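Beneath this line is the structure, given in structure tokens, with notes to follow.
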Amino acid sequence: MKKYNFNAGPCVLPRPAVDAAIEAIRDFDGTGIGLIEISHRTPGWERVMAETEALWRELLGIPDTYAVLFLGGGASTQFFEVPANLMRSKAAYLQTGVWAKKAIKEAKLFGEVTVVASSEDKNYTYVPKGYTVPADADYFHITTNNTIYGTEIHTDLDSPVTLVADMSSDIMSRPVDVTKYGMIYGGAQKNVGPAGVTFVIVRKDLLGSSERKLPTMVNYATHIGAEARDNSMFNTPPVFPIFVMYQTLLWVKAQGGLEAMYKLNKKKADLLYGEIDRNPLFVGTAAKEDRSLMNVCFVMSSGNESLESEFMSFAKDRGMVGIKGHRSVGGFRASIYNACPLESVEALVKCMQDFETSKR
Ligand SMILES: *Cc1c(COP(=O)(O)O)cnc(C)c1O
């Protein structure tokens, strides 16, 4: 049976990227030796590193004043590396979900944290607005897409202080004005690759701004410049996930870049939310204006709650994979990242319609 992959992360990747990775593991770059068996100091690999960084810069329009780093440790490691590198005494955070909350917990180890607003009161089903960011904060941290709750900040915010964004689950899903941010980071495994590599885009003038003594690996400056063989090669980089990310970005570029990705993502999301709003058996959980284009959360409508497990197995029988909602929201979550084809969303919509018909 054909499978439609709606996993939240790690998740579906472009088929050409997966195929290229399989081939490279057998034979990297025509060397006769596999990608995961070569030194990261070989010219072929250094070219992959350079081209991957160049693709990031080209697709997102990242100016030279920013460093682009590929590190280990996941977005969760950035939760403490951000304050370690950027917080002198005080930082502001927007609490839009448990990932934001985890970032806040780590930041508190380094100084004073002001939570400017939180949507915890309604289980993070909306993005707070109308808050004030203290002008004396060293930075303001946001989570642009809340993977678990299906809410998203759709625009690049104006911030009175340096803006730092966890874009783990919506990076490369739309064009972004990088110059509005001091730093953007995330785990690759939701939209740009497999697990194991973390992207960090940081404005170079912010380096050292915490004036704190840092362990070598925690200091972003370590991973930039000659000692790091230009970038991200101070120590062994995660070569395999970087290679798959490289291939994924080549695919994004071939699709027409971020404008094209955004158009397709909007089309997929509109289709699915349209069905959720039309179908009397289902209801969306996120506030409409904050609905994520990446993670679509829905539950059975009032009076139909008892049908949840029945729909789950109905969908499973039709090849739907990974649509179970996160335990803190319940119901269903379809993650429709860049590499999720329109065809998968059409199949899910059809499945919801067939389920409705079966209940008449
Ligand atoms: C998944 C996720 C994380 C955690 O990423 P790891 O790489 O597993 O540490 C952090 N923030 C957001 C928004 C996420 O979706």
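Since the structure is predicted, the reported quantities are computational estimates derived from the model, not experimental observations. Just so you know, these numbers use all the heavy atoms, side chains as well, and skip hydrogens, waters and symmetry mates. Atoms within a ligand are numbered from 1 in the order they appear, just like the ligands themselves.
Residues forming a ring pair (Phe, Tyr, Trp, His ring centres under 6.0 Å) with F311 (at least two apart in sequence, or on another chain): F282, F332, F355.
Checked by atom type and distance alone, the side chain of N85 pairs as donor or acceptor with a backbone atom of Y220 at under 3.5 Å.
Hydrophobic clustering, with ILVMFWY side chains joined whenever heavy atoms are under 4.5 angstrom apart, keeps Y131 apart from V115.
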Distances for all N or O pairs of ligand 1 and the protein under 3.5 Å?
{"unit_1": "ligand 1", "atom_1": "7 (O)", "unit_2": "A75", "atom_2": "N", "d": "3.0"}
{"unit_1": "ligand 1", "atom_1": "7 (O)", "unit_2": "Q189", "atom_2": "NE2", "d": "3.0"}
{"unit_1": "ligand 1", "atom_1": "8 (O)", "unit_2": "Q189", "atom_2": "NE2", "d": "3.2"}
{"unit_1": "ligand 1", "atom_1": "9 (O)", "unit_2": "A75", "atom_2": "N", "d": "3.2"}
{"unit_1": "ligand 1", "atom_1": "9 (O)", "unit_2": "S76", "atom_2": "N", "d": "2.8"}
{"unit_1": "ligand 1", "atom_1": "9 (O)", "unit_2": "S76", "atom_2": "OG", "d": "2.6"}
{"unit_1": "ligand 1", "atom_1": "11 (N)", "unit_2": "D166", "atom_2": "OD2", "d": "2.6"}
{"unit_1": "ligand 1", "atom_1": "15 (O)", "unit_2": "T147", "atom_2": "OG1", "d": "2.4"}
{"unit_1": "ligand 1", "atom_1": "15 (O)", "unit_2": "K190", "atom_2": "NZ", "d": "2.7"}

Exercise answer: donor-acceptor pairs, residues 2-11 side-chain atoms, under 3.5 Å, sequence neighbours excluded:
{"unit_1": "N5", "atom_1": "OD1", "unit_2": "N7", "atom_2": "N", "d": "2.9"}
{"unit_1": "N5", "atom_1": "OD1", "unit_2": "N7", "atom_2": "ND2", "d": "3.1"}

Atom pairs and distances, side-chain donor-acceptor, residues 289-297, under 3.5 Å, sequence neighbours left out:
{"unit_1": "D290", "atom_1": "OD1", "unit_2": "K129", "atom_2": "NZ", "d": "3.0"}
{"unit_1": "D290", "atom_1": "OD2", "unit_2": "V127", "atom_2": "N", "d": "2.9"}
{"unit_1": "D290", "atom_1": "OD2", "unit_2": "K129", "atom_2": "NZ", "d": "2.9"}
{"unit_1": "R291", "atom_1": "NH1", "unit_2": "D277", "atom_2": "OD2", "d": "3.1"}
{"unit_1": "R291", "atom_1": "NH2", "unit_2": "D277", "atom_2": "OD1", "d": "2.9"}
{"unit_1": "S292", "atom_1": "OG", "unit_2": "N145", "atom_2": "OD1", "d": "2.7"}
{"unit_1": "S292", "atom_1": "OG", "unit_2": "M294", "atom_2": "N", "d": "2.9"}
{"unit_1": "S292", "atom_1": "OG", "unit_2": "N295", "atom_2": "N", "d": "3.0"}
{"unit_1": "N295", "atom_1": "OD1", "unit_2": "N145", "atom_2": "ND2", "d": "2.7"}
{"unit_1": "N295", "atom_1": "ND2", "unit_2": "S335", "atom_2": "OG", "d": "2.9"}
{"unit_1": "N295", "atom_1": "ND2", "unit_2": "Y337", "atom_2": "OH", "d": "2.9"}

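Using bins of under 30°, 30° to 60° and over 60° for the plane-to-plane angle, the ring pair F234/H223 lands in the perpendicular bin.
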